[in-house]
Amino acid sequence: MIISASTDYRKAAQRRIPPFLFHYADGGSYTEHTLRRNVEDLAGIALRQRVLKDMSSLSLETTLFGEKLAMPIALAPVGLAGMYARRGEVQAARAAASKGIPFTLSTVSVCPIDEVASAIDRPIWFQLYVLKDRGFMKHALEKAKAAGVKTLVFTVDMPVPGARYRDAHSGMSGKSGPIRRMAQAAMHPFWAWDVGIHGRPHDLGNVSDYRGNPTGLEDYIAWLGNNFDPAISWKDLEWIREFWDGPMIIKGILDPEDARDAVRFGADGIVVSNHGGRQLDGVMSSARALPAIADAVKGDLAILADSGIRSGLDVVRMIALGADTVLLGRAFIYALATRGEAGVAHLLELFEKEMRVAMTLTGAHSIADLGADSLVPDSLRG
Ligand code: FNR
């Protein structure tokens, strides 16, 4: 029985999938301090209860870059999401589309972009990393355009990968690599059957086009380390801006100064994010970073936020702190790993119900009604 969307799906996922895959999703960097703070800071924000406000009509709908969202949620880009269920990105995208929200395909997906884009009848979002090989980036953008993508999520908080010690312990990173792990994990009958490990050989849908790249997963972590570009600066983004005519969202902003730079650069949106505590451990939680960023740039571009969102109440908290829309990472991955498309759809239903209760009891009839007034003053301090 599901009593709390993310917590129960997390437990179920841990029972169901091989340990190296569970820890790859569940873990953060270094001592995982920021990962914990993301969740705890959000949970600690006190909502302001209001009553007797005739809450019989209530709308969760919102619009972002002209796109209608049934609720202010999109699924975050998650690398290797396709390992968590058979054709996992397709299943997650279908669930998102069925609930009227966008799905973001990661640069490092298992399913190729055309497969995912053609599986649903709303445009997917595409996430791109900054790679040393600009030719590959351009090629990926061309493919995204051809697949009907309008919204580009450009992730800038991974000039180098953060050290994820859990991956080293579980064998996700290091010499044995995911391919060896997968062979061992074929012992996990449900998972092995579900992802089709005996059928189709796994390759990386998007990066397998990369020049000189091995198509297998064996070198995944090494590939990230070798190809991410620490030299990246705002200047480098100019050519993408010229090339990409749709909305461009910069993901991985945690400081008001960087948010102002994103406005100056001409970004259409930012994602206030610490990559779910997977990059620099010790940085602020997103919930703590968000209010100052909203003060600095609210109204100048769209503010999205992620990291630590585990319930509909957390979505309401993030919006009240200044976000226009949020991204869900691990929450949907746990559900995908447990029950595929049906799991993700169910998770989103639970989020929607939780949001409705929270909005009813804070007296917010619409997403636009959520703001600082919906929170107990100073509930983020201390
Ligand atoms: C991620 N994230 C991520 N971000 C991105 O821009 N490109 C990517 O390929 C990935 N890959 C990835 C894999 C896994 C397993 C996780 C958990 C996360 C970060 C993701 O988009 C998002 O920022 C965080 O997941 C948000 O934090 P929560 O919701 O997981 O706490």
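Note that the structure is predicted; figures quoted are calculated from it, not measured. Order of listing sets the numbers, starting from 1, for every ligand and every atom in it.
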Closer than 4.0 angstrom, basic N to acidic O: yes or no for D26 and R330?
no

Carboxylate-amine/guanidinium proximity below 4.0 Å for R37 and D41:
yes

Would one find an N or O of [X], backbone or side chain, under 3.5 Å from an N or O of ligand 1?
X    : answer
Y24  : no
T107 : no
Y84  : no

Which ligand 1 atoms are under 4.0 Å away from a heavy-atom of [X]?
X    : value
S106 : 8 (C), 9 (O)
Y129 : 3 (C), 4 (N), 5 (C), 6 (O), 7 (N), 8 (C), 9 (O), 10 (C)
T155 : 5 (C), 6 (O)
K251 : 4 (N), 5 (C), 6 (O), 19 (C), 20 (C), 21 (O), 22 (C), 23 (O)
R330 : 17 (C), 27 (O), 28 (P), 29 (O), 30 (O), 31 (O)
V108 : 9 (O)
S273 : 23 (O)
R310 : 28 (P), 29 (O), 31 (O)

Going by the angle between their ring planes, with limits at 30° and 60°, are F65 and W125 parallel, tilted or perpendicular?
tilted

Residue part near ligand 1, for [X], under 4.0 Å between non-hydrogen atoms:
X    : result
L327 : neither
Q127 : side chain
M158 : neither
V78  : both

Please answer: with hydrophobic residues joined when any side-chain heavy atoms are less than 4.5 Å apart, are L336 and F20 in the same cluster?
yes

Connected via hydrophobic side-chain network under 4.5 Å: L361 and L42
no

Check: of S307, P77, A305, G329, min heavy-atom distance to atom 20 (C) of ligand 1 comes from P77

Given G276, G308, A25, which has its nearest heavy atom closest to atom 31 (O) of ligand 1?
G308

side-chain hydrogen bond (donor to acceptor under 3.5 Å, both in side chains) partners of K150, counting only residues at least two apart
none

Main-chain N/O of [Y] paired with [X] side-chain donor or acceptor, under 3.5 Å:
X    : Y    : answer
Q127 : P77  : no
T62  : P72  : no
Q279 : N274 : no

side-chain contact (heavy atoms from CB on, under 4.5 Å) filter on A267, not counting sequence neighbours, yields I250, A262, F265, L301

